[in-house]
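Just below is one structure, and these are the notes that go with it.
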Amino acid sequence: MIDFEKKPLTRGELSVADLYEHLTGRLNVDVQRLNDVPMKRMIKERDIHRPGLALAGFTNLFTHWRVQIFGNTEVQFIEHLPLEARQMAFSNIFHYEMPCIFITDGNKVEPKLIEMATDKSVPIFLTTLTTTKLIYLISDFLDDQFSPYQSYHGSMMDVYGIGILFVGRSGIGKSEIALDLIERGHRLVSDDRVMITRKGESVLMAAGEAGFKHFMEIRGLGIIDVRAMFGVRAIRYQKRVEVVVELMEWDSQKSYERLGLDTKTVDILGVAVPHVLLPIYPGKNITVIAEVVALNYLLKHYGYDSAKAFEKNLSEMIARKTMKPKKRSQDEPAIRYFEHDFE
């Protein structure tokens, strides 16, 4: 059994420069630097903070180590203060070390705020985005950066839109099954090493490790590049983990699930994921079974459980047989006639 009980890892911190690069580079957000200070300060928490109370003088609950957001409320509060009171408000927050300050909605920036931020080496940025939009973008990025993650041995595939993680002992054939699925039109996320990250409370996202994405090792053949060989249609950057299929050698002395009424789960980073134990032996078509696993999961997702439907039909048949049988007339056929069906 693969070790899913490994302790989750977390990224301890990231720099303000990383956040700035993400916003201006990947997201192409209009962010203007208002002071030329190093962006080396570290962000150590996913949450952001709006320092309204701190500007008013109440700093007991001022979480200064978070990214600070000045929205319309903070800016208008400052504008309504006399000059001396403004300087006192700025002194209240710059008494503490902050990673950076963002001013939203293209608001007018007090020169004294820029001066004190520069003196304390706190990067300060201006954006035309609304406060709500900026908070969403920053929170989403920081949530990803600080989410718990772990690396596991297996092959991650997108089969009919369902994320299946194949696990099992080394050499059992995970990569070969993945390769067969790719040939049938399904998509590879990662082979051998799969990086799984928990987003929020219950979403697990799988991706390949940097530098090894979409490469596969096929024993007897060597390393192949799936993207170069099969094209971009055969790969995915990431996929949600929805089912774990564990491959194991067939053991005639062991009993296996026959009906599927007893749904098994495995815990990955605190999230329960459906777990299928799949015994294999020479000649068994694991690829087709993997496709059926994905389709069966889709049926359950849309509210239809084949095993429960079978159990219900069987129970109804047993109930009818236990009742007093109705005498069938000679004119009533044993099997109802299907018109024009001669097969």
Side-chain angles (χ1 to χ4, degrees), residues 11-147 199-200 237:
R11 299 170 180 86
E13 56 188 18
L14 75 154
S15 68
V16 174
D18 292 331
L19 175 60
Y20 177 77
E21 182 181 354
H22 173 74
L23 291 173
T24 58
R26 187 167 182 177
L27 298 183
N28 196 28
V29 175
D30 180 21
V31 178
Q32 179 184 354
R33 293 182 64 182
L34 298 182
N35 57 352
D36 188 18
V37 299
M39 295 187 290
K40 296 181 179 179
R41 295 207 171 191
M42 306 306 293
I43 303 169
K44 301 180 180 181
E45 191 171 314
R46 71 179 71 189
D47 297 320
I48 56 91
H49 183 71
R50 298 187 64 176
L53 287 176
L55 290 170
F58 183 75
T59 58
N60 292 7
L61 299 177
F62 181 33
T63 50
H64 58 88
W65 55 89
R66 298 176 180 173
V67 174
Q68 305 296 314
I69 306 290
F70 279 55
N72 292 327
T73 303
E74 287 77 12
V75 171
Q76 290 184 25
F77 171 76
I78 293 171
E79 288 178 348
H80 283 79
L81 293 176
L83 181 60
E84 292 185 3
R86 293 182 190 182
Q87 295 182 0
M88 179 61 68
F90 295 148
S91 298
N92 289 336
I93 63 173
F94 283 110
H95 180 70
Y96 302 88
E97 288 192 0
M98 296 174 287
C100 61
I101 296 174
F102 282 88
I103 300 174
T104 64
D105 288 286
N107 276 297
K108 179 181 177 182
V109 184
E110 281 286 331
K112 190 64 177 179
L113 177 63
I114 300 176
E115 178 186 335
M116 296 184 71
T118 304
D119 183 59
K120 295 291 185 178
S121 297
V122 177
I124 185 168
F125 308 101
L126 175 65
T127 178
T128 57
L129 289 180
T130 64
T131 304
T132 302
K133 183 65 175 179
L134 181 68
I135 288 176
Y136 169 76
L137 294 176
I138 293 179
S139 297
D140 184 64
F141 175 65
L142 295 182
D143 183 66
D144 177 78
Q145 294 299 303
F146 290 103
S147 294
K199 302 294 183 66
Y237 175 77

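Here Thr118 contributes atom OG1 and Leu34 contributes atom CG; the two are 9.0 Å apart, rounded to the nearest 0.5 Å. Note that the CD1 atom of Ile135 and the OG1 atom of Thr130 stand 8.5 Å from one another [nearest 0.5 Å]. From Met42, atom CE reaches atom SG of Cys100 across 11.5 Å, with rounding to the nearest 0.5 Å.
No side-chain N or O of Ser147 forms a donor-acceptor pair with one of Asp144 less than 3.5 Å apart. Judged purely by distance below 3.5 Å, without hydrogens or angles, the side chains of Glu45 and Trp65 pair a donor atom with an acceptor atom.
Put simply, the residue from Ile114, Ile101, Ile93 that forms a side-chain contact (heavy atoms from CB on, under 4.5 Å) with Val122 is Ile101. Considering Asp30, Asp105, Val29 in turn, Val29 is the only one that fulfils the side-chain contact (heavy atoms from CB on, under 4.5 Å) rule with Leu129. No option in His80, Glu79, Glu110 other than Glu110 meets the side-chain hydrogen bond (donor to acceptor under 3.5 Å, both in side chains) test with Arg86.
Leu23 has its side chain within reach of Phe102: a pair of non-hydrogen atoms, C-beta onward, lies under 4.5 Å apart. Considering only heavy atoms from C-beta on, Ile138 comes within 4.5 Å of Ile69 through its side chain. In this structure, His64 and Pro99 have side chains that are not in contact, with every pair of non-hydrogen atoms separated by 4.5 Å or more. Using a 4.5 Å heavy-atom cutoff, the side chains of Gln68 and Phe62 are in contact. Put simply, the side chain of Glu74 reaches to within 4.5 Å of the side chain of Leu55, judged on heavy atoms. Between Phe90 and Glu115 there is no side-chain heavy-atom pair separated by less than 4.5 Å. You'll find the side chain of Arg50 reaches within 4.5 Å of the side chain of Thr73, heavy atoms only. Residues Ile124 and Leu113 form a side-chain contact, since some pair of their non-hydrogen atoms from C-beta on lies under 4.5 Å apart.
Panel note: side chain Asn28, backbone Gly25; no donor-acceptor pair is recorded below 3.5 Å.
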Between Ile48 and Ser139, is a side chain to side chain contact (heavy atoms under 4.5 Å, CB included) present by the stated rule, with each step listed?
-> CA-CA 7 Å; Ile48 56 91; Ser139 297; 4.1 Å; yes

How far apart are the C-alpha atoms of Ile103 and Thr127, what are their side-chain angles, what is the distance that settles it, and do they pass the side chain to side chain contact (heavy atoms under 4.5 Å, CB included) test?
-> CA-CA 6 Å; Ile103 300 174; Thr127 178; over 6 Å; no

Step by step, would you call Val67 with Ile43 a side chain to side chain contact (heavy atoms under 4.5 Å, CB included)?
-> CA-CA 7 Å; Val67 174; Ile43 303 169; 3.8 Å; yes

Taking it one step at a time, do Ser91 and Met116 satisfy side chain to side chain contact (heavy atoms under 4.5 Å, CB included)?
-> CA-CA 8 Å; Ser91 298; Met116 296 184 71; 3.7 Å; yes

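Closest of all the heavy-atom pairs between Thr131 and Gly71 is OG1-CA, 3.4 Å. Shown here for Leu14 and Gln145, the closest heavy-atom pair between the two residues is CD1-CG, 4.1 Å. Here the closest non-hydrogen pair linking Met98 and Arg41 is O-NH1, 2.9 Å. Nearest heavy-atom pair, Pro123 versus Pro38, reported as atom, atom and distance to 0.1 Å: CG-O, 3.7 Å.
Between Tyr20 and Phe125, the angle of the ring planes stays under 30°, which puts this pair in the parallel group of the 30/60° scheme.
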